[in-house]
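In what follows, a structure is listed as structure tokens, so that the remarks can point back to it.
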Protein chains: 2
Amino acid sequence: MTVGPAVNESATNELARHEVTVSPVEKFREFLGTRGKRLTQERETIVREIFADHEHFDSDQIVSRLTQPRRDGGRVSRATVYRTLRELEKAGLIRKVARSNDREVYEHDYGYPQHDHFICEKCSQLVEFRNEEISSVLERVSAEHGFRMKGHRLEVHGICDACARPPVRRHRKLDMI
Amino acid sequence: MTVGPAVNESATNELARHEVTVSPVEKFREFLGTRGKRLTQERETIVREIFADHEHFDSDQIVSRLTQPRRDGGRVSRATVYRTLRELEKAGLIRKVARSNDREVYEHDYGYPQHDHFICEKCSQLVEFRNEEISSVLERVSAEHGFRMKGHRLEVHGICDACARPPVRRHRKLDMI
DNA sequence: CTCCCTGCAAATTTTTTGCAGAAAC
DNA sequence: GTTTCTGCAAAAAATTTGCAGGGAG
């Protein structure tokens, strides 16, 4: 595995957790049920690991965390992680978020309200934000094109507030006197 | 190479080509120049191949087209194609467009106006559309968050008009009489 | 002339798969 | 009991890299 450029920037928790009646695990069990599939220990371990926080993650991170022996839930093989991530995506529990340069990462698609992302070109930080208007505009535009919108994926690229702020001056003119 | 699920659906040409003063090749030459890099025959061949039409494409497609002997421009090695695609992305000539399930594909990011995509969940077709309002809403939302927007990437998922239309009835009731 | 670039082949990285035993239902 | 899983190891797919010779500026 690679430990390349970190994919660890947290998805800033501007958004409060949604009220969800069933846990991600239950939700997954339901999905599997309708397809004659089973909720195994491995699958449950993976879902718990993924939904333990609201960070973004990629396949490799989950593989390395679950592949080595662990305190609680048992370890899970690489193949199973891949197989389960695909299922979780179909189940609508997670989805991919593309990041301009870097590779793609997953994010939770259950338990949190619909939101979009700001991606800073300087520090690569990914910030979630929520705006009602965007959806309604899209809803209308879609209708105009005879398209039945189910959802959307939006990334706004640019420079975040922190990176835009000029670096702190070391010496001010006054110091020179 | 893989000939998996086609990635050939055309990017419907709803959008007219922009007036561009310099060709993609020239644009690339400029970019390379500012970095002490060179516009080689291979790089030119690749750019021409890519900008010959306005279809979306992935690395593999370009590799297979340019890797075998060709009428005009000479062949280019796999490694060079990968290396050049990366440069073209940095140069802002192409960019990645994520497609829900399938893999990512590239699209032109030069010579065509800013636009977004509808992606049909049924037929996977990718349709480009253009809407002024979206940008202005994003501009405002960004400002509210202290974010300096440079651009955005948006995909609207759902069902396209064609797929939404019910299949043609074979036998109408009258036929039964 | 001097670097930058290319092709090649090998190395890496990432994801998928066949199969035998294990485990849900 | 069946049928669906899992882990393993190997295979396949996708991308990157070192290096020696070739070419752009």
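The chains referred to below are lettered A, B, ... by the order of the sequence lines, with proteins before strands, and numbering in each begins at 1. A quick note: this is a predicted structure, and the numbers were derived from the prediction, not measured. FYI, side chains are in, hydrogens and waters are out, and symmetry mates aren't considered; it's all heavy atoms of this structure.
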**Asked** Between His108(A) and Phe51(A), what is the ring plane arrangement, given parallel below 30°, perpendicular above 60°, and tilted in between?
**Response** parallel
Rounded to whole Å, the CD-C1' distance (Glu104(B) to dA13(D)) equals 16 Å
From CZ of Phe28(B) across to C1' of dC4(C) the rounded distance in Å is 13 Å
note: Leu32(A), atom CG; dC5(D), atom P; distance rounded to Å ~ 8 Å
Heavy-atom count check: over 12 atoms from other residues, nucleotides or ligands less than 6.0 Å from Arg148(B) CZ?
no
note: Glu87(B), atom CD; dC4(C), atom C1'; distance rounded to Å ~ 12 Å
CZ (Phe31(B)) and CD (Glu87(B)) are apart, to the nearest 0.5 Å, by 5.5 Å
Within one Ile-Leu-Val-Met-Phe-Trp-Tyr cluster: Ile159(A) and Val156(A), side-chain cutoff 4.5 Å: no
- prompt: Any chain of hydrophobic side-chain contacts (each under 4.5 Å) joining Met149(A) to Phe118(B)?
  reply: yes
**Request:** For side-chain contact (heavy atoms from CB on, under 4.5 Å), just list the numbers for Arg75(B) and Gln68(B), CA-CA rounded to whole Å, side-chain angles, deciding distance to a tenth of an Å, and then say yes or no.
**Result:** CA-CA 6 Å; Arg75(B) 48 152 275 146; Gln68(B) 26 221 84; over 6 Å; no
Here the distance between atom C1' of dC8(C) and atom CG of Leu66(B), to the nearest Å, is 17 Å
From CD1 of Ile62(B) across to C1' of dA14(D) the rounded distance in Å is 16 Å
Check the interface with nucleotides 23-25 of chain C: list each N/O to N/O pair with the protein under 3.5 Å, or write none.
unit_1, atom_1, unit_2, atom_2, d
dA24(C), N3, Arg38(A), NH1, 2.9

To the nearest 0.5 Å, atom CD of Glu42(B) lies from atom CD1 of Ile46(B) at 7.5 Å
Distance check: side-chain N/O of Ser77(B) vs OP1/OP2 of dT6(C), anything under 4.0 Å?
-> no
Intermediate values then yes/no, salt bridge (Lys or Arg N to Asp or Glu O under 4.0 Å), Glu44(A) and Arg48(A):
CA-CA 6 Å; Glu44(A) 186 165 343; Arg48(A) 290 194 186 292; 2.6 Å; yes
One should read off an interatomic distance between Thr84(A) OG1 and Ile94(A) CD1, to the nearest 0.5 angstrom, of 9.5 Å
When rounded to whole Å, the CZ to P distance for the pair Arg75(A) and dT6(D) reads 13 Å
Arg43(A) atom CZ is separated from dG7(D) atom C1', nearest whole Å, by 14 Å
What are the atom names and distances for every N/O pair under 3.5 Å that joins the protein to nucleotides 15-21 of chain D?
unit_1, atom_1, unit_2, atom_2, d
dT15(D), OP2, Tyr82(B), OH, 2.6

dist Phe147(A):CZ -> Glu139(A):CD (nearest 0.5 Å) comes out at 11.0 Å
One pair to check against salt bridge (Lys or Arg N to Asp or Glu O under 4.0 Å): Glu121(B) and Lys150(A). What are the steps and the verdict? CA-CA 9 Å; Glu121(B) 294 173 352; Lys150(A) 291 282 193 61; 3.3 Å; yes
Terminal axes of the helix from dC1(C)-dG25(D) to dC25(C)-dG1(D) (5 end pairs apiece), angle rounded to 10 degrees, sit apart by 50°
